[in-house]
Amino acid sequence: APKGEQCPACGLAAQAPTTQRDVLIALAKQSILSKLRLPDRPNITHPTSRGALLSALRRIRAQRVDTAISPGMPPDSSLPHRHPGVGVQEYEILSFAESESSTFHNIRLHFRFTQELAVSTEILQATLYLFWAVPSPGTHPVTVRLLQPDPTGLNMTMVSETRLEVQRTGWVTLDVGQAVQRIFGQGSQRLTVEVEVAEDWASLLLAGHRDSHWPFVAAQARVRMPHRVQRR
Amino acid sequence: GIDCSGTSRMCCRKEFFMDFKEIGWEDWIIQPEGYHMNYCAGLCPLHMAGIPGLATSFHTAVLNLIKANNADAAVDSCCVPTHRRPLSLLYYDRDSNIIKTDIPDMIVDACGCT
């Protein structure tokens, strides 16, 4: 500060305590929202149930431990960009499915990502978590398709197709990193997952499991770094 | 860094906690329950410049040089954060997704004179 002038924060001390508090709260709110790239506080219309959230967090932790202790594999080897550098803001995103339509053989799940994140971040990794409630013993063929809306939004384009053999009830994970990267790269915010089964138990994927076995995508992202020019 | 006490007017760290429930943000911020923002306040006489200070080796050298050469042109020193840490947040975004992130440099841990 030029000599004789106050430092930026010094003016605060001259205010009445209630005004000081109001100023600090306004500053704190503005600071949090701007750092999260949010124009305003989100209005939550469909909060995720606590059971679904806790279950998802447990699954992610279990998955990381499994990955870290796999024989012959260094810890976190599946997370190639875990340490992008000091000061780079990272995000972990949990997107729970919205179901659009289901039949006995087929179900469609939608995962919607917020525009601010799609624009400002790059996806490092994304995993789809599905819980199978297998109705009977044996091997059950399942096809999982990742779909993306075309620019008109009317039709769907298939990004990838994976065939699985499900043998028992439990969680299955699928790497959807490239698909989500592609969707973000094209300015879209929605990933659609189509699950098709040969028998008539597709609805079991969602029915009765809303609380703790709800399908979700866990993604890791970081703030998109602008290209830097260095001068020596 | 020094935490502010009742009597001292020198540069120190003032604690400030914003309870998310109090401002009606508890519906979209899942964790933590509030924000320990803290801030720096107090006087920084010129002789305190660079104590403990930011990048002291460079700034102290320049300030001392200015002081030595021309006291009238000297600048006042400011009480600023010298150590900050990130704020971890678990929150709902606008599409009801759940996001976890660490916002860097959000919590003031220590203050000092520039």
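In what follows, every chain begins at residue 1, and chains take the letters A, B, ... in the order their sequences are listed. Note that these values count all heavy atoms, side chains included, but never hydrogens, waters or copies made by symmetry.
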Starting at CZ of A:R37, measure out to CG of B:D93 and round the result to the nearest 0.5 Å.
14.0 Å

What one should report as the nearest heavy-atom pair of A:F113 and B:N97 is CA-ND2, 3.7 Å

Rounded to the nearest 0.5 Å, how far does CD1 of B:I23 lie from CD1 of A:I25?
7.0 Å

In short, B:R94 meets A:P39 closest at the heavy-atom pair NH1-CG, 4.4 Å

Tell me, side chain or backbone of B:F20 under 4.5 Å from chain A's heavy atoms, or both, or neither?
side chain

Using atom types as modelled, flag every donor-acceptor pair under 3.5 Å from a side chain in residues 27-36 of chain A to any protein atom, sequence neighbours excluded.
from	atom 1	to	atom 2	distance (Å)
A:S34	OG	A:Q30	O	3.2
A:S34	OG	A:S31	O	3.2

B:T101 and A:Q89: CA distance, side-chain angles, deciding distance, side-chain contact (heavy atoms from CB on, under 4.5 Å) verdict
CA-CA 7 Å; B:T101 192; A:Q89 195 172 343; 3.3 Å; yes

Inter-residue atom distance B:E22.CD - A:R21.CZ, 0.5 Å rounding
5.0 Å

Relative to chain B, which of A:T45, A:V217, A:I44 shows the most heavy atom pairs under 4.5 Å?
A:I44

Under the side chain to side chain donor-acceptor pair (under 3.5 Å) rule, collect the residues that match up with B:R84, sequence neighbours excluded.
none

In this structure, CG of A:N43 is separated from OG of B:S96 (nearest 0.5 Å) by 10.0 Å

Take atom CD of B:E33 as the centre, draw a 6.0 Å sphere, and report whether it contains more than 12 heavy atoms from other residues, nucleotides or ligands.
no

Which answer fits B:D102, side chain, backbone, both or neither, if we ask what part of it has an atom under 4.5 Å from a heavy atom of chain A?
backbone

Tell me, yes or no, whether the heavy-atom count around B:I2 atom CD1, taken from other residues, nucleotides or ligands under 6.0 Å, exceeds 12.
no

Cut-off 4.5 Å, heavy atoms of chain A, and the answer for B:Y92 is both

Yes or no on side-chain contact (heavy atoms from CB on, under 4.5 Å) for B:I99 and A:T114, after CA distance, side-chain angles and deciding distance?
CA-CA 11 Å; B:I99 316 275; A:T114 308; 5.8 Å; no

